[in-house]
Amino acid sequence: RRFRAHPLLSPPASEMAQVNPLTRELLVKLVYYGPGLGGKTTSLQHVHGASPAEARGQLVSLATPVDRTLYFDFLPLRARQVRGHHVRLQLFTVPGQVYFNATRKLVLTGADGLVFVADSQPERLDANLESLENLAANLAEQGRSLDAVPLVLQLNKRDLPGVLSEDELRQALNPRGRPQFGTVATTGEGVIDALDRLVDDVLDDLEARGVLGEPEKPRHTPAPDFGPVGAGLEDALEEQLEVARAASRPIVSEELAPAPSFEASEPPPAAGRAHGGESAPSWTPLFPRRAAKVRAIEAAIGAGRWAEAIQ
């Protein structure tokens with residue numbers, strides 16, 4: 001028997017993960033699907049037992065006379081955040097028996113990702129194919145395609161003798177090359193690896209579909225250019241000096257303002273010199289780009305040529 005592919009359909013908007021804006025949680029629904037007694041329940045029980053008690057919910061069992069559906073939710077510690085939202089997983093199994101197909105459809109509604117648990121025994125190959133076709137048909141009734149839903153395969157019961165090889169199961173059940181993992185649900189081997197891969201694929205799918213809206217574009221504010229260190233102070237002082245010069249020109253000139261006289265006992269101090277023979281502080285460090293001009297002004301002041309210093 002061959003797996004019949006269905007047309008690729010985009011899932012409707014209602015078939016999306018739920019977002020809780022108060023807790024900033026992204027609620028993701030994952031469903032374990034497959035034939036009866038294939039290992040779905042055991043896989044889910046292992047995931048529940050391996051989850052931290054403070055991060056998992058209660059394992060709920062909805063029993064029927066011959067099968068049961070399990071459900072629990074938990075907050076995985078290793079799942080990445082999606083745009084600041086924590087991811088909370090809801091994990092379900094479906095009844096394996098065919099005559100519970102109505103329950104399968106109900107559980108499958110709104111699933112964001114699927115784990116198909118296949119039985120590796122050769123006598124169960126037909127049951128695997130039937131369950132896989134049933135999965136595709138139920139999705140089609142909801143307006144979805146198996147090709148459009150993230151899916152991983154668990155090739156379970158790898159510890160039993162005489163099982164089909166993984167290559168044989170890939171050819172029969174997985175011609176599209178979805179991720180597949182050899183598992184032993186009774187010991188938990190490979191079960192968490194399969195779940196981790198599915199979670200990554202689901203989050204990538206949700207981001208691609210824009211469940212949380214378009215990502216915000218970073219606002220770029222160019223940094224102001226302050227120029228070289230000290231340049232601003234130098235320019236400000238130079239501006240003040242120009243203002244002082246402009247205010248002095250109408251009333252001070254070389255002809256009208258004679259140089260002040262000094263008594264013989266107190267000669268005018270030399271430029272760059274202070275009383276006591278010590279060097280006077282210079283303004284040149286504040287004006288490194290005009291050091292020569294500043295020294296000329298200081299020399300004019302020291303020689304008493306005030307008009308020349310102001311001009």
Side-chain angles (χ1 to χ4, degrees), residues 3-34 43-44 47 51 55 71 73-94 104-118 132-155 170 173-181 190-220:
F3 169 66
R4 297 191 298 272
H6 291 264
L8 180 62
L9 299 174
S10 299
S14 59
E15 305 293 346
M16 286 188 175
Q18 301 176 26
V19 179
N20 187 332
L22 297 179
T23 60
R24 295 192 66 80
E25 284 186 350
L26 181 64
L27 193 60
V28 175
K29 181 179 181 179
L30 307 179
V31 175
Y32 283 70
Y33 212 96
S43 296
L44 201 66
V47 174
S51 306
Y71 155 78
D73 71 304
F74 76 110
L75 187 68
L77 302 179
R78 290 183 291 179
R80 70 178 189 265
Q81 291 190 14
V82 181
R83 299 183 194 171
H85 289 70
H86 296 285
V87 177
R88 179 174 291 278
L89 303 181
Q90 286 185 323
L91 274 63
F92 291 80
T93 65
V94 297
R104 289 182 181 179
K105 293 179 182 180
L106 182 62
V107 174
L108 193 59
T109 302
D112 299 296
L114 302 167
V115 180
F116 186 84
V117 183
L132 194 56
E133 291 181 349
N134 175 260
L135 170 60
N138 286 339
L139 285 173
E141 286 188 16
Q142 299 176 9
R144 308 177 70 184
S145 168
L146 186 58
D147 291 334
V149 181
L151 169 72
V152 301
L153 281 79
Q154 279 187 215
L155 308 181
R170 178 183 293 108
L173 305 175
N174 191 21
R176 289 165 177 76
R178 297 295 189 97
Q180 67 179 42
F181 298 83
V191 173
I192 300 298
D193 293 335
L195 178 60
D196 283 344
R197 175 56 187 270
L198 179 61
V199 171
D200 283 340
D201 289 350
V202 167
L203 296 184
D204 289 342
D205 176 66
L206 293 176
E207 288 193 287
R209 285 160 49 190
V211 172
L212 298 179
E214 294 296 328
E216 293 184 0
K217 296 182 179 180
R219 297 180 180 178
H220 176 68

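What you see is a predicted model, and the numbers here were worked out from it, not measured in a lab.
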*Asks:* Assess the residue pair V28 and L206 against the criterion (side chain to side chain contact (heavy atoms under 4.5 Å, CB included)); give the C-alpha distance rounded to whole Å, side-chain angles, the decisive distance to 0.1 Å, and a yes or no.
*Replies:* CA-CA 10 Å; V28 175; L206 293 176; 4.0 Å; yes

*Asks:* If I compare all heavy atoms of H85 with all of E25, which pair ends up nearest, and what's the gap?
*Replies:* CD2-N, 4.1 Å

*Asks:* Drop me the distance from L151's CG to R176's CZ, to the nearest 0.5 angstrom.
*Replies:* 10.5 Å

*Asks:* Using side-chain heavy atoms (C-beta onward) and a distance below 4.5 Å, is V115 in contact with S43?
*Replies:* no

*Asks:* Which heavy atom in Q142 sits nearest to a heavy atom in K105, and how many Å separate them?
*Replies:* NE2-O, 3.2 Å

*Asks:* Can you see which heavy atom on V47 is nearest to which on L91, and at what distance?
*Replies:* CG1-CD2, 3.8 Å

*Asks:* How many angstroms lie between atom CG of D112 and atom CG of D205, to the nearest 0.5 angstrom?
*Replies:* 8.0 Å

*Asks:* For the pair R197 and D193, find out whether any cationic side-chain nitrogen is under 4.0 Å from an anionic carboxylate oxygen.
*Replies:* no

*Asks:* Quick check against the 3.5 Å criterion: does R170 have a side-chain atom that pairs as donor or acceptor with the backbone of R178?
*Replies:* no

*Asks:* Give the minimum heavy-atom separation between V202 and P150, together with the two atoms involved.
*Replies:* CG2-CB, 3.8 Å

*Asks:* Before you tell me yes or no, could you show the steps for K29 and V31 under side chain to side chain contact (heavy atoms under 4.5 Å, CB included), namely the whole-Å CA-CA distance, both residues' side-chain angles and the distance that decides it to 0.1 Å?
*Replies:* CA-CA 7 Å; K29 181 179 181 179; V31 175; 4.1 Å; yes

*Asks:* Quick check for you: to the nearest 0.5 Å, what is the distance between L114 atom CG and D201 atom CG?
*Replies:* 11.5 Å

*Asks:* Kindly give the heavy-atom pair with the smallest separation between F92 and L44, and that separation in Å.
*Replies:* C-CD2, 4.3 Å

*Asks:* How close do N138 and Y33 get, heavy atom to heavy atom, and via which atoms?
*Replies:* ND2-OH, 3.0 Å

*Asks:* L146 vs F116, test: side chain to side chain contact (heavy atoms under 4.5 Å, CB included). Steps then yes/no.
*Replies:* CA-CA 11 Å; L146 186 58; F116 186 84; over 6 Å; no

*Asks:* Please check: side-chain N/O of Q154 versus main-chain N/O of L195, any donor-acceptor pairing under 3.5 Å?
*Replies:* no

*Asks:* Measure the spacing between CG of L108 and CG of N134 and express it to the nearest 0.5 Å.
*Replies:* 9.0 Å

*Asks:* Can you tell me how far the CG atom of L203 sits from the CG atom of L198, to the nearest 0.5 Å?
*Replies:* 9.0 Å

*Asks:* Output the distance between atom CD (Q90) and atom CG (L30), rounded to the nearest 0.5 Å.
*Replies:* 9.0 Å

